[in-house]
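What you are looking at is a predicted structure, and each value in this text was computed from that prediction instead of being measured. Both counts, for ligands and for their atoms, begin at 1 and track the order of listing.
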Amino acid sequence: MAENDLIKVKGIVTRSTQYKDNDKIISVLTAEYGLISVYCHGARSNKSKYLTSTRLFCYSEYVLNRKKDFYYIKEADYIEAFFDIVNSIDKLFLGQYFLEVVNEICVEGERQDGVLRLLLNSLYALSADLFPPTKIKSAFELRACVEMGVGPNVSNCRNCGVVGEEVYYFDLVNGDMLCKVCLMSYEEEQKYAYEKESMGTYIAVVPSVVVAIQYVSNSKIERLFSFMLNEEPFRDFSNICEKYLLHQVGKSFVTLDLYNEQIKK
Ligand SMILES: [Zn+2]
């Protein structure tokens, strides 16, 4: 693309930073260009025509002017916003957590069709109360790992290949599973190994949880939340999704801590 070209692109605002007296710099997740930074001149003024389209959670069609490494806003047409989630503090924290994850896993210059659709569908489900927030959260976390290219592989025990066991142990580092026999012999071996820190972290999973992991990893994004789990296996599933994402990203998120504190209240 030549410099100073105008481009038209749809995207959602994932970060908004005040700049100077009246300007904003926003991050916008797009399918075509990944996560881009856009300079919005005068966007903080109440009279600005970009006031809505430069707010967090707003999905718009933008006309942008690209100069060197930066994009400058020229026009913005609001398409949809998920502002309803601000009506509930736990949904707001969760929505902000989704944005924080996206800001962490996406970069400029790589197509992000999958992550964009995942984010839009998750925010829509959250704002329209289509599913319980905990369910949306877990599916978002696991599917984000798939979109990052580290989707789990839970078809059998990675060591001996056995299928049909009543319990497996999900490996948060490698995203696969061991059967009980292999885990025990593996742990026995590790006792004598020097590099103990290289040992994985395992969480027990029953078959229904394995099925849910497979479903969320492979389903169409539009059908992502249409899986059923009873309360107890759902807690295990939920625990795995959160821990697996954090392991894969290699950090925690302030908004996740806020959300988890909030739902305990
Ligand atoms: Zn095995």
- Before accepting this row, confirm whether a basic side-chain N of the pair Glu222/Arg117 lies closer than 4.0 Å to the acidic partner's carboxylate O. yes
- Message: Go through it in stages, so that I can follow the logic: the residues are Glu147 and Arg143, the test is salt bridge (charged side-chain N to carboxylate O under 4.0 Å, His left out), and I'd like the CA-CA distance, side-chain angles, deciding distance and then a yes or no.
- Response: CA-CA 6 Å; Glu147 299 301 336; Arg143 190 57 176 247; 3.5 Å; yes
- Item | Residue pairs passing the salt bridge (Lys or Arg N to Asp or Glu O under 4.0 Å) test where at least one lies in residues 159-170, sequence neighbours excluded | none
- Message: So, with waters excluded, how many protein N/O/S atoms does the Zn ion (ligand 1) have closer than 2.8 Å?
- Response: 4
- CE-OH distance between Met228 and Tyr215, expressed to the nearest 0.5 angstrom: 11.5 Å
- Min side-chain heavy-atom separation Thr255-Phe98 under 4.5 Å: no
- Measure the spacing between OG1 of Thr30 and CG of Leu35 and express it to the nearest 0.5 Å. 8.0 Å
